[in-house]
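In what follows, chains carry the letters A, B, and so on, assigned in the order in which the sequence lines appear, proteins first and then strands, with residues in each chain numbered from 1.
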Amino acid sequence: MNVFKTVLFVWMTAVIVLALGLPMVAQPSTWYQFPIIPALEEKARIMFFHVPMAWLSVVAFVSSMVYGIKYLRKKNLDDDVRSASAAGLGFLFCFLATATGAIWAKFSWGTYWNWDPRQTSIFVLLLIYGAYFALRSAIEVEEKRASLAAVYSIIAAVTMPFFMFIMPRILSSLHPEPILNTEGKVHMNTTMLIVFLSSLAGFTGLYFWMWRLQVRIQTSHLNRIN
Amino acid sequence: MNTHLRISATNLKKVFNRRTIFRNISFSVRFGEVLLVTGKNGSGKSTLVKIISDVLSPSEGEIEFSGSDNVKTIARANLIGLVSPYLQMYDEFSAEENLQYALSIRGRTPDISHIHELLGKVFLFHRKSDPVRTYSSGMKQRMKYAFALAHNPPVLLLDEPTSNLDTDGIAMVKQIMEEQTQIGILIVATNDLSDVDRFNAQVDLNAQT
Amino acid sequence: MRKPEAAWQQWLRSSISIFRKDWHSELRTRYAISALVMFVVTTISIMVFALGSESAPVDVLSGMLWVVIFFAAMSGLSRTFVAEEERGTAMTLQLLTSPSAIYFGKLFFNLVLMIGVNTFTVLLYAIFLNGFIVKTSSIFIITIALGSIGLAASSTIIAAIIAKANTKGTLYPVLSFPILLPLLLTCINATRLATEGAFLNEATGEFQFLVSYIVVVVTASSVLFEYIWKD
């Protein structure tokens, strides 16, 4: 685990230095230059942090639900600890993604918040996380809390696709195209793509490490009570 | 009548909030027999009763109802009649309405003369049209017996059978217990040994740590 | 000897009996109905007073209609499960029949309640808010019907969850809102189409969306209800 921690530390440091430090030019000529993405310019750098955070808030949501389903099948409270820990981290990353997105919006669109479909979607995800924790804190018996929280996250997960589907019909978006857009176009050169993917991998590793830590803390806490 | 009926439990364990209520509970009881469950307050008597009636699931171990072929296909709810302090009737309905709804929710057609006969048996016939909320606690307890017996269950589970009852009521309970051993299995959870005249098997929840 | 009934016939009778029992109980106590009716009446009067002699744009009014309907649902639809938990009759019910029969009985009860309340809300709306003019009534009626079913479907499963929790009242809208948001947005959109005088076929997309939402929520709920219901 210590090796993993060291590698993760070095990796993330490198990602942060490269993402913030490499110059951005109109026509990249050497390997260490990023191309300028039209309309984003220097502000594009936030993508190295904002996108992984948004990605993790969805990953955490799905893994929380998967452990919830596992709990319902096996009734092992450790699965509930895993599920709740994932949700806690998901809430954190969801909040960070919302905040970085709002800061970026202030500089690009002139306002922190304008109910863009993506802002609305992440807001709803925040609400779901909030509701999930409100529910957990309102139930005392652990077994009951575990199964109700699992059921709620499944119900929320099955209605989420409807939301994704309805949003574009109602609101039009100014958000830059998602990285995996429908036309398969990537506005990045190889260097930029490598830094971006390394950041994605680094953040995922960070999430995994934090999640393991959280599960261990919660488990030992519960064992001490008894 | 199913004279091969048998309930067997193996290694039941129940955990609440990571606290073990009981473990390693096993018993077996057959047609015509009486099972007695004893234990101090908080030892898990009611929890065990709930597990037998399938209201709670055990954390480990299992309970099996066996007998003729169809026993396993019948829902546990239809094999069991339960009387217990935490069982509540619908307050706003009369005794008669409670029993009618209980039978029809079980998916049966309520037979009014059968219901009246039951209410006569528990001495509530004269109050059959009053809402249950106007009943005294002893009357409510007798009402629960009518509720438990309405579908002629082969297994009768009594948790603290005589609570709130006067001497007439206790005589009624003794009568019902005696009849039950003729038609099926009786399980009694109590600390008052005078509640039961005889028993064939005992689960003592104090015995385990 | 009568012929033994098939399992599904017993299930159906059981479910219908739960609906009848709840309805009978509701007529006797009138907890949910009075809460719902009073909520709708007070909210619409506040709207009328707040608007005064001004008339609000029809878009705003069609949005507000669904705000009223959402909060009305939140004030009354949890009753059917909360009453069972508060009076301690949840276990009685559990001893009588299967979780799925209970779920569908309660769903049907909430559905009837929701359709009644929504009809009442629309009537009050038509009488007191003159700016609200529906040009395509077919779209409007289908939207109200599908919206009521969808609202009842989501509210029923969330009601079952919150009935087991401590802070029932405040938790209900908090848990329901994210689940109901796609439904509400679609209903608002379809209502707007109805006020703009769109043709029926222009709203097909909305209707398909609402129907699939209902199918998904009811299917998921009927599978998951057992885990909520059994301790």
Of C:L180, C:N166, C:I158, C:L171, the largest count of non-hydrogen pairs under 4.5 angstrom with chain A goes to C:N166

Winner by heavy-atom pair count (cut-off under 4.5 Å) against chain C, out of A:I139, A:L148, A:L127, A:V141 | A:L148

Chain A contact via C:I188 - side chain, backbone, both or neither, heavy atoms under 4.5 Å = neither

Is it the backbone or the side chain of C:V174 that comes under 4.5 Å from a heavy atom of chain A, or both, or neither?
-> both

Are C:F81 and C:F225 close enough that their ring centers fall under 6.0 Å?
-> yes

Parallel, tilted or perpendicular: which fits the ring planes of A:F133 and A:F91, with parallel below 30° and perpendicular above 60°?
-> tilted

Taking the six-membered ring for Trp and the full ring for Phe, Tyr or His, determine whether the centres of A:W211 and A:Y67 are under 6.0 Å apart.
-> yes

Note: vs chain C, highest number of non-hydrogen pairs under 4.5 angstrom among A:L125, A:V151, A:I154 is A:V151

Between C:N189, C:L183, C:L181, which residue shows the highest count of heavy-atom pairs closer than 4.5 Å to chain A?
-> C:L181

Determine the interplanar angle of the C:F19 and C:F108 rings, folded into 0 to 90°, and report it as parallel if under 30°, tilted if 30 to 60°, perpendicular if over 60°.
-> tilted

Neighbour count above 12 (heavy atom, 6.0 Å) for C:F207 CZ | yes

In terms of side-chain heavy atoms, does A:Y207 have a donor or acceptor partner in A:S63 at a distance below 3.5 Å?
-> yes

Taking every heavy-atom pair that is under 4.5 Å apart, which of A:K144, A:E140, A:E143 has the most such pairs with chain C?
-> A:K144

Which one of C:S212, C:A220, C:S176 has the most heavy-atom pairs closer than 4.5 Å to chain A?
-> C:S212

Ring center gap for A:W55 and A:F93 short of 6.0 angstrom | no

Top contributor to chain C interface from A:F165, A:Y152, A:Y132, A:F163 [non-hydrogen pairs under 4.5 Å] | A:Y152

